Every structure is written in structure tokens, then in C-alpha cells.
Number of protein chains: 2
Amino acid sequence: MTHTHELAPHAGASDALRAAGLRVTEPRVAVYEALGALPHASADAVHAAVSERMPRASLQSVYNALGDFTDAGLVRRIEPAGHAMLFELRIGDNHHHLVCTSCGAVQDVDCAVGHAPCLHPSDAHGFTLTSAEVTYWGLCPACASVAA
Amino acid sequence: MTHTHELAPHAGASDALRAAGLRVTEPRVAVYEALGALPHASADAVHAAVSERMPRASLQSVYNALGDFTDAGLVRRIEPAGHAMLFELRIGDNHHHLVCTSCGAVQDVDCAVGHAPCLHPSDAHGFTLTSAEVTYWGLCPACASVAA
DNA sequence: TTAGTTGCAAAGGCTTTGCACGCGC
DNA sequence: GCGCGTGCAAAGCCTTTGCAACTAA
């Protein structure tokens with residue numbers, strides 16, 4: 001093989017993309033890495049991060065990449081009511097989310113029950129389930145103190 | 001009056017509104033009753049139902065009523081990703097939702113675990129929790145058969 | 001080369017906001 | 001009568017869609 005196999009910092013992202021059957025493009029790598037740095041980022045936040053190193057990257061490309069990642073199972077999409085949707089790298093563990101109804105802040109949290117039994121309904125009613133999501137609504141410490 | 005039929009839905013709605021500390025107005029009663037007839041209705045669906053008996057009712061009033069109901073704890077709001085938000089009367093039982101990622105259909109379902117332990121996170125991280133929500137994503141029977 | 005992606009632009013849908021009039025209390 | 005809620009209208013935000021040019025494989 002004639003390819004130069006250099007050890008680029010983008011290697012992790014590229015590998016992940018390839019493994020998921022996605023073409024490796026600069027915007028996608030940038031989006032993937034931005035997600036790694038931002039735990040719960042909105043499409044806009046990702047775009048802002050990507051833009052720092054790639055001024056020409058469009059918001060639509062970010063949406064596109066995020067959508068592709070989600071379809072490929074690389075990313076998990078969460079939707080805080082009343083706020084823009086957020087994305088996070090799917091890291092395998094089945095954690096849930098604490099969402100502030102005031103500012104939209106999101107905090108990861110483990111389920112109280114051991115092996116996430118919440119992820120299996122008693123009756124699927126014929127549905128073909130693909131994923132489950134548990135969300136806790138409330139006020140984050142900052143917003144709670146302001147409200148009080 | 002002559003409520004020889006079944007129940008008098010108006011009385012129930014009025015009582016519920018008063019009990020919640022809300023003024024009893026025609027649009028609100030109409031919205032409340034529409035919710036009783038429609039298990040999981042979107043603001044638009046509620047508006048359509050309300051309009052049948054109240055042509056002048058505005059969509060904004062419906063949103064307003066729905067928001068007030070939610071704040072008052074009379075109604076529960078659910079947000080299927082990618083679809084308009086839905087509302088349902090809060091009936092006390094802690095059921096969860098099966099949501100079709102294709103058509104947005106929603107089906108009620110009980111949690112597999114007995115007393116809804118899923119509703120209590122292992123660590124609130126300082127958040128003041130007000131509610132919890134469990135959502136199962138997948139394809140409804142109809143969409144699954146079409147996709148297959 | 002060939003097909004998948006990007007970038008640019010605009011449209012689309014859902015929800016919220018502002019203000020004068022009317023109704024509930 | 002007072003104040004909240006309604007109706008009318010418009011704006012706002014986030015997200016999706018369409019198409020020509022480009023780039024990865």
C-alpha cells in the first residue's frame with residue numbers, strides 16, 4: 001500500500017465514521033470532534049465549534065452530519081421541550097437526562113435501577129422499538145436559586 | 001339541567017378548572033373537554049375540535065389554555081421528536097409513551113417495573129425535579145409494515 | 001469516474017409575543 | 001368595576017428542503 005499512515009488527531013473520528021459506513025469528510029470529522037468536546041451540544045453550538053476551524057462549514061451540513069450520525073447510531077439525539085435539540089456521542093452506557101425547564105441545561109444521570117429495566121415496556125403494543133429515553137424535568141441549581 | 005344522558009362533561013371541566021385556581025372561560029372548558037376526547041392531541045388537533053363548537057376560538061387561546069393547564073398540573077405535555085407537541089389529561093397513573101418515529105403516533109404503556117422507580121434518578125445533581133418522562137422510540141405497526 | 005456531500009439560499013412548520021376589546025369574578 | 005383572558009395579527013426560532021458544484025472512494 002502506498003498510503004502514508006500518519007497518526008493524525010482525527011484518526012479516532014475517521015475510524016468511527018468508517019466503521020459506521022459513512023464517508024469521511026472534513027465537516028463530518030469536525031462535527032464528530034466537536035461532539036466529543038461538547039457533552040450536550042445543540043446544532044448551533046456544534047456549528048459554532050466547527051466554524052472555528054472551518055469557517056465555510058454551513059449549518060445545514062452540520063444538521064446533515066448530525067442526522068447521518070444519528071441514523072448510523074453514532075450519536076444520540078435528545079429533545080428538551082421548548083429548546084433546540086441536543087446531540088451527544090453515543091457511548092453505550094444507558095444514562096438518562098436531567099433537563100432544566102428554565103434554561104435547558106442538561107445533566108447526565110444514571111437510572112436508579114440497576115440494569116435499565118425502564119428501557120423495556122411491559123407491552124410494546126406491536127411497536128418495533130429502537131430506543132428508549134428517560135428524562136427528568138426540573139430546575140437546575142442556578143435557575144432554582146434565581147427562582148427562589 | 002336535563003343531563004339525562006351520561007355525565008355532564010361541562011361540570012367536570014369547570015370543577016377541574018376551578019380546583020386548579022383557573023378562571024372558567026368558554027375556550028378553556030372547550031379545550032379541557034377536547035383533551036378528554038382526544039388521548040394525545042396536538043395543539044392544532046385541539047383547536048380543530050374546539051372550533052367545531054366555537055368557531056371564533058383562536059389557536060393562540062388554545063396554546064394559552066394548554067400552557068396554563070400544564071402549569072397548573074392538569075395536563076401533561078409530551079414532545080415527540082420531530083413532531084408537534086402533544087397534550088394529555090394528567091390522570092395520575094404514571095404511564096409512559098411509545099412514540100412512532102415515522103408518523104408520530106403515540107401509545108400509552110405501563111412501565112415494566114412495578115412502582116415506576118424510573119421516575120427517581122440515582123442522583124439529582126442539585127436539580128429540583130418536577131416530573132419525569134419515559135419515552136420508547138420505534139415504529140408503530142402500520143409504519144413497520146409499510147417499511148418492511 | 002461515479003455517487004455521495006457540501007455550500008448557498010429559501011421555505012416550512014410550530015410556537016410565542018404584543019395589544020385592544022370582552023368577559024369572568 | 002377591576003383584572004385576567006381572548007381574539008387578531010405578526011414575528012421568531014429551529015429545522016428541513018432544493019439544486020449546482022465539489023470531493024471522497
Side-chain angles (χ1 to χ4, degrees), chain A residues 1-4 8 10 13-32 41-48 50-51 53-72 75 77-87 101-104, chain B residues 10 13-15 17-32 40-48 50-51 53-72 74-75 77-87 101-104:
Chain A
M1 95 169 63
T2 58
H3 290 84
T4 309
H10 296 24
S14 300
D15 288 349
L17 292 178
R18 283 179 186 286
L22 295 171
R23 279 197 186 180
V24 179
T25 65
E26 201 179 344
R28 283 183 175 172
V29 170
V31 168
Y32 191 91
S42 64
D44 205 59
V46 171
H47 180 235
V50 168
S51 294
R53 299 200 297 226
M54 220 181 147
R56 306 189 66 77
S58 68
L59 177 59
Q60 292 75 356
S61 294
V62 171
Y63 269 107
N64 215 334
L66 253 14
D68 293 338
F69 291 178
T70 302
D71 291 342
V75 162
R77 178 168 58 190
I78 49 184
E79 308 223 2
H83 296 277
M85 52 189 190
L86 305 180
F87 299 85
T101 50
S102 179
C103 69
Chain B
H10 244 80
S14 300
D15 286 350
L17 292 177
R18 285 179 185 287
L22 295 171
R23 277 197 188 180
V24 179
T25 65
E26 202 178 345
R28 283 182 175 173
V29 170
V31 168
Y32 191 91
H40 304 107
S42 64
D44 205 58
V46 171
H47 180 235
V50 168
S51 294
R53 299 199 299 226
M54 221 179 145
R56 305 189 67 76
S58 69
L59 177 59
Q60 292 74 356
S61 294
V62 171
Y63 269 107
N64 215 333
L66 253 15
D68 293 338
F69 291 179
T70 301
D71 291 341
L74 258 46
V75 162
R77 178 169 57 190
I78 49 185
E79 309 222 0
H83 294 276
M85 52 188 188
L86 305 180
F87 300 85
T101 51
S102 179
C103 69

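Bear in mind that the values here come from a model prediction, so they are computed numbers and not experimental data. The sequence lines fix the lettering, A, B, ..., with proteins before strands; numbering per chain opens at 1.
Taking atom CE of residue A:Met54 and atom C1' of nucleotide C:dG7, one finds them 10 Å apart after rounding to whole Å. Distance A:Asp71 CG to D:dT16 P: 11 Å, rounded to the nearest Å. Distance, B:Arg56 CZ to D:dA9 C1': 14 Å, rounded to whole Å. Atom-to-atom, CZ of B:Arg28 to P of D:dT6 comes out at 5 Å; the value is rounded to the nearest Å. Taking atom OH on A:Tyr63 and atom C1' on D:dT17, their separation rounds to 13 Å, with Å as the unit. Counting to the nearest Å, the C1' atom of C:dC25 and the CD atom of B:Glu26 are 17 Å from each other. If you measure from atom CZ of A:Arg18 to atom P of C:dT5, you get 13 Å, rounded to the nearest angstrom. Rounding to whole angstrom units, CZ of residue B:Phe87 and P of C:dC14 are separated by 13 Å.
A:Ala65 comes within 4.0 angstrom of no nucleic acid atom, judged by non-hydrogen atoms across all strands. At a threshold of 4.0 angstrom between heavy atoms, the contacts of A:Thr25 are confined to the sugar-phosphate backbone, with no base atom among them. Heavy atoms of A:Asn64 sit under 4.0 angstrom from at least one base atom.
Two residues, A:Val24 and A:Ala84, neighbour DNA chain D, and the one matched to the more 5' nucleotide by heavy-atom proximity is A:Ala84. Summary of the strand contacts: A:Pro55 and B:Asp44 both lie near DNA chain C, and taking for each the nucleotide with the nearest heavy atom, the more 5' one is attributed to A:Pro55.
Side chains of B:Val50 and B:Pro27 form no contact here, defined as non-hydrogen atoms less than 4.5 Å apart.
Regarding contacts with the backbone of C:dC14, every side-chain N or O of B:Ser42 stays at 4.0 angstrom or more from both OP1 and OP2. Contact between the side-chain N/O atoms of B:Ser61 and the OP1/OP2 oxygens of D:dG7 is found at a separation under 4.0 Å.
Across all their heavy atoms, B:Arg23 and B:Leu17 have their closest contact at O-CD1, 4.5 Å.
By the 6.0 Å contact criterion, CD on A:Glu26 is open, its count of non-hydrogen atoms from other residues, nucleotides or ligands being 12 or less.
The nucleotide whose nearest atom lies closest to any side-chain atom of A:Arg23 is, among D:dA24, D:dC4, D:dT16, D:dA24. Closest to the side chain of B:Gln60, from the set D:dT15, C:dT15, C:dT16, is C:dT16.
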For a quick test of your reading: what N or O donor-acceptor pairs under 3.5 Å do the side chains of residues 56-70 of chain A make, sequence neighbours left out?
| unit_1 | atom_1 | unit_2 | atom_2 | d |
| --- | --- | --- | --- | --- |
| A:Ser58 | OG | A:Ser61 | N | 3.2 |
| A:Ser58 | OG | A:Ser61 | OG | 2.9 |
| A:Asp68 | OD2 | A:Arg28 | NH2 | 2.8 |
| A:Thr70 | OG1 | A:Leu66 | O | 2.8 |

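Between A:Arg77 atom CZ and A:Asp71 atom CG the span is 8.0 Å, to the nearest 0.5 Å.
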